[in-house]
Amino acid sequence: MLAVANKCCNASVAEGEKYGWDNDSEKNNEKLGGKDLINIGIYAAIYLVIMTAISMLGFIPIMMPMLSVLCPLIGGITMMLFFTKVKKFGMITIITIIIGAFLWVTGMGFWPFIFGIICGIVADLVAKSGDYSSKKKTVLSYGIMCITIFGCFLPLYLDINGYFSTRTSFGNDYVEAMTRIFRPWTAPIILACSFVFGVLGALLGMHFLKKHFEKAGIV
């Protein structure tokens, strides 16, 4: 699926150049151009599909905390392919904000959006500090991005009864199970998992996409 997406992305970029989207102003290294926005859109869509599929496991209470493990880990392959396209500041920020906004509009509350803004900017700055060509900074950047996922869990720690008061369809058994699982002491564990498995997901992605990273000059 990623190979097809990569080909589609290249085709879309070529189409953009054909119609003059990649004009002189967009060639300025400090500005995002049409092909950069195309890359953001394509890889954001793929990542959100993966995240949505994994989130279905959340209907099983015990699997809910595992979202902080599976989303960063499995999504790492897609995002590492995206990182090979990143050469300008703003791309990482925008895609992280899109992820946070998607989680917000799909019922996870506004915290992922706030986390997306903060984590996106910080992750972008980290990658930029390595000139978007450092493997270590890329791994760290994605790990920081994944902290956005913790925003989904924050309402469960701040006001779990209020959170489920608007989600009565889940039933009392589900709410009670979630209350037992999301004790206050688990918050730092969920937060750490989001980052650590983001780092592991980046390393996994780099392993599978070694040739792409060599081609992109990320060492």
Cluster overlap Leu67 with Val105, hydrophobic side-chain contacts below 4.5 Å: no
State yes or no: do Val69 and Ile189 share one hydrophobic cluster built from I, L, V, M, F, W and Y residues joined by side-chain heavy-atom distances below 4.5 Å, directly or via other members? no
Quick one, Phe115 and Leu154 - any side-chain contact, counting heavy atoms below 4.5 Å? yes
Sub-3.5 Å donor-acceptor pair from the side chain of Lys88 to the main-chain atoms of Lys31, do we have one? yes
Quick one: does Ile181's side chain get under 4.5 Å of Met64's, heavy atoms only? no
Quick one: closest heavy-atom pair of Cys152 and Pro112, and the distance? N-CG, 3.7 Å
Give the intermediate values and the outcome of side-chain contact (heavy atoms from CB on, under 4.5 Å) for residues Phe89 and Tyr132. CA-CA 9 Å; Phe89 183 82; Tyr132 299 107; 3.4 Å; yes
Taking Asp124 for its side chain and Gly90 for its backbone only, find out whether a donor-acceptor pair lies under 3.5 Å. yes
Do Trp185 and Val196 share a hydrophobic cluster (ILVMFWY, side-chain heavy atoms under 4.5 Å, transitive)? no
Got a second to check how far Leu140's CG is from Ser129's OG, nearest 0.5 Å? 8.0 Å
So, do Phe208 and Met80 sit near enough that their side-chain heavy atoms are less than 4.5 Å apart? no
Here the gap from Ile94 atom CD1 to Asp36 atom CG, rounded to the nearest 0.5 Å, amounts to 9.0 Å
Apply side-chain contact (heavy atoms from CB on, under 4.5 Å) to the pair Thr186 and Phe153, showing each step before the final yes or no. CA-CA 10 Å; Thr186 65; Phe153 299 98; over 6 Å; no
Straight-line distance of Cys119 SG to Ile92 CD1, nearest 0.5 Å: 12.5 Å
Do Met145 and Ile95 make a side-chain contact, defined as non-hydrogen atoms from C-beta onward lying under 4.5 Å apart? yes
Heavy atoms, side chains only, cut-off 4.5 Å: are Ser68 and Phe197 in contact? no
When rounded to the nearest 0.5 angstrom, what distance separates SG in Cys146 from CG in Leu73? 9.5 Å
Per side chain to side chain contact (heavy atoms under 4.5 Å, CB included), Cys71 is matched among Ile99, Thr52, Ile54 by Ile54
Using every non-hydrogen atom in the two residues, find where Phe150 and Ala187 come nearest and quote the distance to one decimal. CE1-O, 3.4 Å
Do you know the tightest heavy-atom contact between Lys85 and Tyr43? CE-OH, 3.6 Å
So do Leu200 and Tyr142 actually touch side chain to side chain, heavy atoms under 4.5 Å? no
State, to 0.1 Å, how close Leu48 and Phe102 come at their nearest heavy-atom pair, and which atoms those are. CD2-CD2, 3.5 Å
Is the closest side-chain heavy-atom distance between Pro155 and Asp159 below 4.5 Å? no
Distance check, rounded to the nearest 0.5 Å: Trp104 atom CH2 versus Phe113 atom CZ? 6.0 Å
What's the spacing between Met79 CE and Thr84 OG1 if we round to 0.5 Å? 10.5 Å
Would you confirm whether Ser194, through its side chain, and Ile147, through its main-chain N or O, come within 3.5 Å as a donor-acceptor pair? no
Are any non-hydrogen side-chain atoms of Ile46 and Val49 less than 4.5 angstrom apart? no
